[in-house]
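Before I ask anything, let me first share the structure, which is written out below as structure tokens.
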Amino acid sequence: MVAVPIFPHGSDLHDRYIITNNCLLIIGHGLKDIGKKESFIIQIDSTLAPDLIRTIAKVFDQRWSNSSSI
């Protein structure tokens, strides 16, 4: 079983993104809506914005540690 975290301040979160070692992917719609409306996935390479990617990863890790399992 996989623990699914619940962040206590859900209204603080909006955008969907994927962080890898090499890039940040910003996803416009939730996965359930892809194909229903025009949507974009924007890739930002780590060589272009390393500080941005590090900051987003740090904030994600902080939110993950403050979340509770459902």
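Side chains included, hydrogens not; waters and symmetry mates left out as well; all remaining heavy atoms used.
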Discussion item. With rounding to the nearest 0.5 angstrom, report the CG to NZ distance, D51 to K58.
Written reply: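 Those atoms lie 12.0 Å apart.
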Discussion item. Working to the nearest 0.5 angstrom, can you tell me the gap between L24 CG and I56 CD1?
Written reply: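 If I round to the nearest 0.5 Å, the distance is 4.5 Å.
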Worksheet item: Minimum heavy-atom separation for I44 to I53, with atom names?
Response: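 Smallest heavy-atom distance, with atoms named: O-CD1, 3.7 Å.
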Worksheet item: Any chain of hydrophobic side-chain contacts (each under 4.5 Å) joining L48 to L25?
Response: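 No, separate clusters.
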Item to complete: Nearest 0.5 Å please: distance from the CD1 atom of I26 over to the CD1 atom of I18.
Response: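 The CD1 atom of I26 sits 11.0 Å away from the CD1 atom of I18.
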Practice prompt. Using the rule that two of Ile, Leu, Val, Met, Phe, Trp, Tyr join whenever any of their side-chain heavy atoms come within less than 4.5 Å, decide whether V59 and I19 are in one cluster.
Written response: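 Unlinked, V59 and I19 end up in two clusters.
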Worksheet entry | Straight-line distance of I41 CD1 to R16 CZ, nearest 0.5 Å |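 Result: 12.0 Å between the selected atoms.
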Worksheet entry | N21 to S46 - nearest heavy-atom pair and separation |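 Where N21 meets S46 most closely, the heavy atoms are O-OG, 3.9 Å.
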Worksheet item: Which value, rounded to the nearest 0.5 Å, describes the distance between I27 atom CD1 and Y17 atom OH?
Response: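 The distance works out to 11.0 Å.
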Worksheet item: Can you tell me if T47 and D45 form a side-chain donor-acceptor pair at under 3.5 Å?
Response: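 Present: a donor and an acceptor within the cut-off.
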